[in-house]
There are 2 protein chains.
Amino acid sequence: MSRSTPSSRSSGSVTLSDVAKLAGVSPITVSRVLNRPELVTPDTMEVVREAIARTGYVPNMLAGGLASKRSRLVAALFPTIASSMFAETMEALTDRLGEAGYQVLLGLSGYPAAREDDLLEAILSRRPDGILLTGIVHSASTRQKLLAAKIPVVEIWDYTPTPIDMLVGFSHERVGEAVGDYLIAKGYRRLAMIGGDDDRAMQRRKGFLSSLAGHGIEDVPTMAIPAPGSLRTGRQQMARLLDEGHRPDAVFCNSDALAQGVLAEAQSRGMSVPGDVAVMGFGDLDFSPYTFPALTTVRIDRRGIGRIAAEAMLARMEGRAGPEKVLDVGFEVIEREST
Amino acid sequence: MSRSTPSSRSSGSVTLSDVAKLAGVSPITVSRVLNRPELVTPDTMEVVREAIARTGYVPNMLAGGLASKRSRLVAALFPTIASSMFAETMEALTDRLGEAGYQVLLGLSGYPAAREDDLLEAILSRRPDGILLTGIVHSASTRQKLLAAKIPVVEIWDYTPTPIDMLVGFSHERVGEAVGDYLIAKGYRRLAMIGGDDDRAMQRRKGFLSSLAGHGIEDVPTMAIPAPGSLRTGRQQMARLLDEGHRPDAVFCNSDALAQGVLAEAQSRGMSVPGDVAVMGFGDLDFSPYTFPALTTVRIDRRGIGRIAAEAMLARMEGRAGPEKVLDVGFEVIEREST
DNA sequence: ACTGTTAGTGTCAGCGCTAACGCGAGCTTC
DNA sequence: GAAGCTCGCGTTAGCGCTGACACTAACAGT
């Protein structure tokens with residue numbers, strides 16, 4: 001029964017001072033036990049640990065972050081996590097940063113990246129120690145806010161030699177080229193493409209078309225749909241493609257989900273894959289080896305991107321010299337039965 | 001060039017006081033413009049807004065949260081987001097809470113919920129205004145920490161009449177029963193089940209077996225695999241089931257991804273679905289209407305759960321009277337071609 | 001004229017924590 | 001044995017913001 005009259009503003013919950021009193025040390029010593037244990041003798045540590053356990057103390061990182069200017073928070077912006085494309089990158093990121101004592105604040109920017117700017121402002125008001133963005137950024141105001149925040153920035157899932165700060169990704173244009181080259185080499189000549197309308201899909205399209213143009217193929221029907229593509233939209237677009245009279249011998253889909261839809265539509269029309277039409281996806285999602293026929297696709301190391309991005313960010317936040325600032329993780333064409 | 005000597009600890013970035021000076025008002029007025037605009041005259045507001053824009057001021061919610069005891073942060077714990085099962089719930093939650101000015105801190109507890117307790121502690125140290133948990137909680141220490149935090153708690157994706165605080169979910173046991181009843185009614189008698197080993201999958205199994213027992217069916221081979229199930233593990237388990245000599249006429253899979261694997265394995269062995277074996281899934285993921293044959297499954301309103309949970313949480317955080325504390329969103333058996 | 005009320009703004013103190021520096025004890029060094 | 005060092009801990013002063021309350025002006029009611 002304490003007779004002290006706590007100010008009306010106090011929260012009533014256990015604070016670091018309460019722990020310090022119980023342990024018979026000063027508050028800063030408790031702080032050190034928690035954050036810089038190497039500065040404290042084992043005896044003191046023991047006493048303080050005991051006091052923490054008895055009081056059930058839970059640190060207040062709002063206060064800690066305000067005082068130290070380190071929130072131990074990292075923000076990550078993704079267009080969506082409902083496609084497993086980004087979800088796994090997010091998981092790998094969260095795992096690695098979690099080990100190092102950081103938490104990840106997830107921002108979902110949506111596909112037309114409509115409110116990206118507002119979202120970024122909301123996120124920066126949490127004073128994250130680092131920020132990860134999906135895609136390379138274009139809006140000048142976004143760029144400027146990021147620079148003003150003076151924190152490590154990692155851009156992922158895309159490639160540019162001149163990122164805002166650091167980058168872990170790959171060239172979507174080269175993916176498109178590789179797919180074009182691959183399909184040409186397999187002997188396909190009447191190509192078509194079904195893809196999302198986001199920047200990265202457009203880059204893949206550009207590479208694809210340029211590869212084909214290099215082989216004298218110019219008329220390539222391209223169906224664009226709002227990202228992210230799904231099995232349903234893939235099926236619809238394949239139907240439209242065929243209904244419009246196109247007879248492609250190979251279709252490049254901008255995601256494995258789309259490709260699955262294309263397979264479904266082809267099969268429902270009695271077309272054999274790859275006999276009547278070959279199908280190629282992008283992403284190598286977990287179901288892709290098991291579709292009928294198994295899907296030829298482009299593999300991206302999704303977890304690897306998250307893990308490497310986390311590593312790069314940690315290096316910078318902890319003042320270590322990180323690996324290179326720009327890392328191209330590449331990609332791999334995985335040949336299966338559908339081509 | 002200011003001659004003031006800022007303390008060595010100041011961050012150098014624009015603060016609310018800087019804005020106040022430029023606008024010729026007191027700091028609290030700037031605070032009110034941002035947080036309680038109804039208390040300020042339009043003229044003042046105009047001047048302050050102008051000053052905010054000119055300085056590029058970004059509020060510091062660490063400081064704001066510390067002073068006001070409202071972090072405007074909501075924590076959400078999921079076992080994983082790599083399965084679209086939870087990803088959509090998370091998206092719906094984030095969307096609704098984002099509209100109301102809250103951000104969502106994502107915690108990934110993993111499937112054996114190994115570090116749930118540590119994760120919870122890390123999360124509570126951010127002083128979230130509310131917390132959402134997937135599944136109903138069992139660990140006493142987790143329960144106690146949640147109660148001690150004195151914040152709204154919403155448990156989702158499960159059902160109990162006695163949640164810690166609020167609940168938005170459905171009964172997995174009743175799902176199992178409904179599936180059992182459905183398959184029996186369709187005339188299947190040699191049933192089997194392939195499922196994850198997590199609590200909720202076990203509940204579905206329990207309901208399934210109890211329904212079958214009610215019809216005199218006792219020997220039901222059950223394959224348990226580590227959650228979350230995938231197409232690959234589904235295929236493996238179906239192979240094992242058959243290789244062990246079982247000849248089920250219907251298989252209930254604990255997720256649509258597993259069911260897709262079962263379909264693949266059956267087809268690769270030349271078995272027709274549902275002729276030789278019927279397959280039923282759980283979840284109604286976006287690909288499920290498009291598998292071959294289209295998958296009979298159990299639909300859960302995944303986005304609805306997120307939206308309703310957000311609504312319930314907001315009501316409590318804003319002191320409004322929320323809807324009921326326990327909401328059973330139910331489920332729906334979706335009959336397609338695979339049964 | 002006096003009191004009461006309301007709207008708009010300001011003053012003050014403090015939320016819970018940590019950076020920076022201070023200080024004494026125990027040691028080494030020459 | 002005085003100076004200098006290291007180690008472990010304490011004192012002080014904020015970090016940037018908002019709650020509580022104070023104050024003033026304008027107006028209404030009696």
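Quick note on labels: first sequence line is chain A, next is B, and so on, each numbered from 1.
Listed pair A:Ser26 / D:dG10 meets the phosphate criterion, a side-chain N or O lying under 4.0 Å from OP1 or OP2. Distances shown here put every side-chain N or O of B:Asn60 at or beyond 4.0 Å from the OP1 or OP2 atom of D:dC15. For A:Thr29, a side-chain nitrogen or oxygen approaches OP1 or OP2 of D:dG10 to under 4.0 Å. A close approach under 4.0 Å does occur between a side-chain nitrogen or oxygen of A:Ser31 and OP1 or OP2 of C:dT18. An OP1 or OP2 oxygen of C:dT9 is reached within less than 4.0 angstrom by a side-chain nitrogen or oxygen of B:Thr44.
Remark: the A:Arg32 side chain and the D:dG10 base include a donor-acceptor N/O pair separated by less than 3.5 Å.
B:Arg96 has a carboxylate O that lies under 4.0 Å from a charged side-chain N of B:Glu99, or vice versa, which qualifies the two as a salt bridge. Checked for salt-bridge contact, A:Arg307 and A:Asp95 miss the test: no charged N lies under 4.0 Å from a carboxylate O. A salt bridge links B:Asp165 with B:Lys325: at least one charged nitrogen is closer than 4.0 Å to a carboxylate oxygen.
Straight-line distance from the CZ atom of B:Arg36 to the C1' atom of C:dA7: 13 Å, rounded to whole Å. One can place CG of A:Leu39 at 8 Å from P of D:dG8, the figure rounded to the nearest angstrom. Atom-to-atom, CG of B:Leu34 to P of D:dG19 comes out at 13 Å; the value is rounded to the nearest Å. Put simply, CG on B:Leu66 is 14 Å from P on C:dG14, counting in whole angstrom units. For the pair B:Lys69 NZ and C:dC17 P, the computed distance is 10 Å after rounding to whole Å. Between B:Asn35 atom CG and D:dT18 atom C1' the separation is 8 Å, expressed in whole Å. In this structure, A:Leu62 places its CG atom 14 Å from P of D:dC17, rounding to the nearest Å. When rounded to the nearest whole Å, the span between CG of B:Leu16 and P of C:dC15 equals 20 Å.
A centroid separation of 6.0 Å or more is found between the aromatic rings of A:Phe78 and A:Trp157.
Both B:Pro42 and B:Arg127 sit near DNA chain C, but only B:Pro42 has its closest nucleotide nearer the 5' end.
The CZ atom of A:Arg70 sits 7.5 Å away from the CE atom of A:Met317 when rounded to the nearest 0.5 Å.
Residue B:Thr41 is in sugar-phosphate contact alone, with no base atom involved, counting any heavy-atom pair closer than 4.0 Å across all strands shown.
With C:dT18, C:dG16, D:dG19 as the choices, the nucleotide that has an atom nearest any side-chain atom of B:Ser68 turns out to be D:dG19.
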